[in-house]
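Report on one structure; see the data block that follows.
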Number of protein chains: 2
Amino acid sequence: MAATVPKPTDAELEILCVLWSRGRSTVREVHEAITARKPTQYTTVLKQLQVMAGKGLVRRDESQRSHVYVAARTRDWTQRQLAGDLLQRAFGGSTGSLVLGALSETKATKRELAEVRRLLDEYEKGLPQ
Amino acid sequence: MAATVPKPTDAELEILCVLWSRGRSTVREVHEAITARKPTQYTTVLKQLQVMAGKGLVRRDESQRSHVYVAARTRDWTQRQLAGDLLQRAFGGSTGSLVLGALSETKATKRELAEVRRLLDEYEKGLPQ
DNA sequence: ACTATACTACGAGGAGCATCGTAGATCAAA
DNA sequence: TTTGATCTACGATGCTCCTCGTAGTATAGT
């Protein structure tokens, strides 16, 4: 069975973002990234990572004294989960509503709209039949 | 200043969905809708609504013995908040990624794609210049 | 060898969330 | 008027999340 990882919480998501952008990282490295935006104790980040490892959100290499952490799921995969989850919870499954919501909240420009259209085309190409 | 309402929690969102679809509702009516999908005590829903009123997520009319509740924000407004929030937290502000995430997670069909495109067109029409 | 530094493990505690039970008030029906 | 149903108010509990402090261990520098 595919190990089922839970939906990351807010704080966990922040850490995942660091891991996605940095790749394999030690606690210290993650901490430095996190604390730059929001001053936080080192052990807070450490504990988070330990909990996340327990949940299966991250994996770690303990072969060195400084353990090295990696996100267990890709950014894309997680984004799909979160978008799908929100879709069900708040949008009654209507993809169109979600898209519109995202667009209007961020005051998307014509340029971004074009980008979205382009992505739609690409996505459709990958569709069966 | 516009009263700033907090982001609704999962349980709160379920109740809001009921209020949005039913309109003005008593606790009993909300409870009936909620418990149909997930058996729940009457007082649980009542308490939720009371808390939500305190947070400003709903307003209530106490002129009758059975208080009548209304969502304080429209469905559209809330959806925009949630979509925008997720966008910032998980997608680094990239609307395109969010759209793709939602599409691929729900295995959107060609028909739905067409619908999304139509909405995009409409949205663009309302855009200034 | 000794001391300072860096690292992990882990327990504790505050805060919010979701749920429920009980108490007390109000109303309606017999 | 008494009884039963219906409603609100609210306290209590268990859970998760987040944060931090302390303890213990390994490493490195002098």
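Every chain is numbered from 1, with letters handed out A, B, ... down the list of sequences.
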Discussion item. Measure CZ/A:R89 against P/C:dC17 and give the value in whole Å, please.
Written reply: 13 Å

Response to the item:
Comparing nearest nucleotides in DNA chain D, the 5'-proximal residue of the pair A:K55, A:P39 is A:K55

Discussion item. Quick check on DNA chain C: between A:K47 and A:V68, whose nearest nucleotide comes earlier from the 5' end?
Written reply: A:V68

Worksheet item: B:Y42 side chain N/O closer than 4.0 Å to the phosphate oxygens (OP1, OP2) of C:dC20?
Response: no

Worksheet item: If you measure from the Lys or Arg side-chain nitrogens to the Asp or Glu carboxylate oxygens, is any gap between A:E29 and A:R24 under 4.0 Å?
Response: no

Worksheet item: Which nucleotide in the set D:dT8, C:dT19, D:dC18 lies at the smallest distance from any side-chain heavy atom of B:Q48?
Response: C:dT19

Worksheet item: With respect to the phosphate group of C:dC20, does any side-chain polar atom (N or O) of B:T43 fall under 4.0 Å of OP1 or OP2?
Response: no

Discussion item. Less than 3.5 Å apart, any donor N or O on the side chain of A:R75 or A:T78 sitting next to an acceptor on the other?
Written reply: no

Fill in: Length of the CG-C1' vector between B:L13 and C:dA18, whole Å
15 Å

Worksheet item: In terms of side-chain geometry, is the basic nitrogen of B:E14 or B:R37 positioned less than 4.0 Å from the acidic oxygen of its partner?
Response: yes

Worksheet item: Is any side-chain nitrogen or oxygen of B:Q41 closer than 4.0 Å to OP1 or OP2 of C:dG21?
Response: yes

Practice prompt. Among the candidates C:dA9, D:dC18, C:dA18, find the nucleotide nearest to the side-chain atoms of A:A11.
Written response: D:dC18

Practice prompt. Classify the nucleic acid contact of A:S66 as base, sugar-phosphate or nothing, counting any heavy atom under 4.0 Å across all strands shown.
Written response: sugar-phosphate

Discussion item. Using OP1 and OP2 only, check whether a side-chain N or O of A:K7 sits under 4.0 Å from D:dC17.
Written reply: no

Worksheet item: When you measure from the side chain of B:R65, which nucleotide among D:dT19, C:dA18, C:dA25 comes out closest?
Response: C:dA25

Item to complete: Look at B:Q50 and D:dA9 and indicate whether a side-chain polar atom (N or O) is within less than 4.0 Å of OP1 or OP2.
Response: yes

Worksheet item: Atom CD of A:Q64 to atom C1' of D:dA26: distance rounded to whole Å?
Response: 13 Å

Item to complete: Give one of base, sugar-phosphate or nothing for B:T9, where a contact means two heavy atoms less than 4.0 Å apart.
Response: sugar-phosphate

Practice prompt. Give a yes/no on whether any side-chain N or O of B:R28 is located under 4.0 angstrom from OP1 or OP2 of D:dC7.
Written response: yes

Response to the item:
When rounded to whole Å, the CG to C1' distance for the pair B:L46 and C:dT22 reads 13 Å

Worksheet item: Given atom CG of A:L49 and atom C1' of C:dA9, what is their separation to the nearest angstrom?
Response: 14 Å

Worksheet, complete the sentence: Atom CE of A:M52 and atom C1' of D:dT16 are separated, to the nearest Å, by 15 Å

Practice prompt. Mind calculating the distance between NE2 (B:H31) and C1' (D:dT6) to the nearest angstrom?
Written response: 13 Å

Discussion item. Just so I know, are the side chains of B:Y42 and B:R28 near enough to count as touching, which here means a heavy-atom distance under 4.5 Å?
Written reply: yes

Worksheet item: Just checking, is any N or O donor in the side chain of B:T74 or B:D76 under 3.5 Å from an acceptor N or O on the other one?
Response: no

Response to the item:
When rounded to whole Å, the CD to P distance for the pair A:E12 and D:dT16 reads 13 Å

Worksheet item: Any side-chain heavy atom of B:R117 sitting closer than 4.5 Å to one from A:E124?
Response: yes

Discussion item. Within the 4.0 Å heavy-atom criterion, would you say B:V27 contacts the bases, only the backbone, or no part of the nucleic acid?
Written reply: sugar-phosphate

